Amino acid sequence: MNEATQYKLKLERLGYHQFRTMERHPTNYLCKGVSTGTTILAVKFNGGVIIGSDSRASVGGSYVSSKVINKLIQIHDKIFCCIAGSLADAQAVTKMAKFQLSFHSIQMDSPPLVKAAASVLKELCYSNREDLEAGFITAGWDKKRGPQVYTVSMGGMLLSQPFTIGGSGSTYIYGYVDAKYKPDMSREECLQFATNALALAIGRDNVSGGVAHLVVITEGGVEHVVVPGEKLPKFHDE
Amino acid sequence: MAAYVTQNRVEMFSRPNDKFPNWESQEVSTGTTIMAVEFDDGVVIGADSRTTTGAYIANRVTDKLTPIHDRIFCCRSGSAADTQAVADAVSYQLGFHSIELDEPPLVQTAANLFKQMCYRYREELMAGIIVAGWDKRRGGQVYTVPMGGMLVRQPVSVGGSGSSYIYGFIDSNYRSGMSKEECLRFTAEALALAMERDGSSGGVARLAAITEAGLERTVILGNQLPTFFSA
C-alpha cells in the first residue's frame, strides 16, 4: 500500500479518525474531542443577513490542506449554512438537507422558510447525535419573517439569535462581537463588523486563515464578497 | 493564555452531577481573567474575583492583584495555592534584593524571579502570572510569565481562562499612548466582556493603577460593570 494509506492507517490506530477535515485544534488532535478549525459567523442587519467564514482547511493543525475552500453552502436560493465540525459529516448532512428542502419547497409551491431549513438540519443532527459531529449556522431571508439567523449546535439544539459565531476561532472574538454588535445596522456597517471579526479571529487562531468569504442575503438576492488576506483590516500590532 | 479546549461539545442547561456536586475533590483554581496595560506614566492592572473548586465558588471576592513590592504587582491565574506560594517566595526574594541594593527594585527583576521559579518547577506548578509595575529606569512595564515559564514584555497582556474571549476586543481596541483614565475604562470593559462569557470568571472587577506617585485601587461591583448587547 502506498505512503498515504499507511499514514492514514497509522493515524486511525492512534485514534485520529477524522482525516481531511477542518477541525483538530492542535492542542488536542490526538484526543477524541474535536474543536472545529475554522471561524464562522452570521449577523442580522437592517434588511438582510451576512454569513461569513474563513477559508482554511487543515490537517492536524500543522498542514493547510486547502487555502481557499468555501465553507458557505447554499441549501436554497436565499438560505445558506456554514458548518462547524467534521467536513465529511457536514457534507452528508447538507446534501440530505438540500434534497429535503427542495422537495418541501416543491410541495408547498413556495420558497422554504429559514426556520424550516434550520429545523431540517436540527432533526438530522439530533436523530443522529451519537454518530455525527457537526454543528451549523443557518442564515437567510424569507418573506414571512425577513432576515433570520439560526444556530444548530452539535447535539441538536436549535436557537434563533440576532447574530452568532462558531468554530475554534470564535472563542477569541466573543468579547469583540459582544461589544461591537448593534441591532439594525446598515449593510455597510454590518459588512465592516463581520470582516473585522473574521480578521481578528484569523489573527489569533492558527487553524483559521486564508480569505474571508462573506455572503450578503437580502430580499433582492444573494451577493458573494471575498476579502483576500492582504486586504483584511490590520490591527495595532500588525 | 488560551483556555483548555473542552471535550464536551454539547450545550446543556444542567448536568446530572449538578444535584450532588463533588467539589471536595476538585482543586481550587482561579479560572480567571487577568489583564495589564502599560501607559506613559505607569500601568493599569485588573482582575475578576472568582475562585472555584469545580462548580463551587470558594471565594467570590478574591483579590488576585498581589503586591510584590511598593510599585510592583502581580496578577495571578491558575492554581490558587501555587500562585500564592510563588508570589510569597518572590516577594521575599525581591524585598531582600531591594535592601541589598538600597533602592526600589526593577520590574524586570521581579519578572525574572517569577520566571526562574515558574520555569524550574514547571512540571509541578500550574501558574500563569502577569507582572506589572513602575520603576525609575523604564517607567510602566508589563511582563507576562505564562504556564511553562516563558517571559516576554508586552504593552498589553491578558491571561486566565477568560482571556481567550477578549483577544479580538483587545486587538481591535488597544492603541498606544492612552491616558490613565482611558486605560482604566479599556480594562474595565474587557474584564466585563470576559466575565460575561467565561463561567470561571465573575464577581467584582478589581482594578489598580500604579504610577510613580503611588497606587490607586478601585473595585467595580457586579451591577456597576459596563454592559453590552446580549444576544
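Convention: sequence-line order gives letters A, B, ...; per-chain numbering from 1. All values reported here derive from a predicted model rather than from experimental measurement.
- Across every non-hydrogen atom of B:F228 and A:A179, the tightest pair is CD2-CA, 3.6 Å.
- Between B:F169 atom CZ and A:K180 atom NZ the span is 6.5 Å, to the nearest 0.5 Å.
- The candidate with the highest count of non-hydrogen atom pairs below 4.5 Å against chain B, out of A:P183, A:G175, A:A201, is A:G175.
- Annotation: A:Y172 is in aromatic contact with B:Y167 [ring centroid separation under 6.0 Å].
- Once rounded to the nearest 0.5 Å, the distance linking CD of B:E196 with CG of A:D178 reads 7.0 Å.
- Taking the six-membered ring for Trp and thresholds of 30 and 60 degrees, B:Y165 and A:Y174 have ring planes more than 60 degrees apart, a perpendicular arrangement.
- Here B:S164 contributes atom OG and A:D205 contributes atom CG; the two are 10.5 Å apart, rounded to the nearest 0.5 Å.
- In this structure, OH on A:Y176 lies 11.0 Å from CG on B:D171, to the nearest 0.5 angstrom.
- Pairing each heavy atom of B:G168 with each of A:I173, the nearest pair is CA-CG2, 4.3 Å.
- More than 12 heavy atoms of other residues, nucleotides or ligands sit less than 6.0 Å from atom CE of A:M157.
- Counting non-hydrogen atoms of neighbouring residues, nucleotides and ligands closer than 6.0 angstrom, the CZ atom of B:R153 exceeds 12 such neighbours.
- Within a 6.0 Å sphere centred on CZ of B:R60, other residues, nucleotides and ligands contribute 12 heavy atoms or fewer.
- Note that CG of A:L200 is 9.0 Å distant from CG of B:N173, once rounded to the nearest 0.5 Å.
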